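To start, the structure under review is shown below, and the notes come after it.
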Amino acid sequence: MPVSGHAYRVVGMFDDGSYCVQVTDGVTNGAINEFGFDLGEALFFSKRILAGDMGAARRPGMSRMLAAAVIALTKAGLVGGVLRETYAADDDAKADDDGENDQQRGAVMGWIKMSK
């Protein structure tokens, strides 16, 4: 689903450890579930792709699932104290805009805790 205007995607984690990517409309704060996954699934496909399985790499939504998994694991690392936020010198402008430009491009910007 294309994201335009003020809409953006968020990654949410359910109590059972599964994840969901939602598209918010940016106006009414309504959200539509785009897809769900768990980290085991993301790990399985990551291994397949690194092994050269281009069929796995071309699956619809694969890049978004793997991007969402990176966000989920990064969030867990930040909360757990294993990682800390840093910005490369070229990313100083991005760090200063509080994600506003990323939201306009429809990037995955947020993290929410959800209950089923």
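These numbers were taken from a predicted model, which means no experiment stands behind them.
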Quick one: pull up CZ in R48 and CE in M54 and give me the separation to the nearest 0.5 Å.
10.0 Å
Closest contact, heavy atoms only, A72 versus Y19:
CB-CE2, 3.5 Å
For the residue pair F45 and M65, what are the closest heavy atoms and their distance?
CD1-CE, 3.6 Å
Would you say F44 ends up clustered with L39 if hydrophobic residues are merged whenever their side chains have heavy atoms under 4.5 Å apart, either directly or through other cluster members?
yes
Give the minimum heavy-atom separation between C20 and Q22, together with the two atoms involved.
SG-CG, 3.8 Å
For the CG atom of L66 and the CD1 atom of I71, what is their distance to the nearest 0.5 Å?
11.5 Å
Ignoring hydrogens and angles, tell me if any N or O in the side chain of T74 forms a donor-acceptor pair with the backbone of V70 under 3.5 Å.
yes
Within a strict 4.5 Å, meaning less than it, do heavy atoms of the D38 and E41 side chains meet?
yes
Any non-hydrogen side-chain atom of I49 less than 4.5 Å from a side-chain atom of M62?
yes
With side chains defined as the heavy atoms from C-beta onward, is the minimum distance between E34 and R64 less than 4.5 Å?
yes
Under 4.5 Å between side-chain heavy atoms, counting indirect links through other Ile/Leu/Val/Met/Phe/Trp/Tyr residues: same cluster for F35 and L73 or not?
yes
Please find the pair of heavy atoms, one from F37 and one from A69, that lie closest to each other, and give the distance.
CZ-N, 3.8 Å
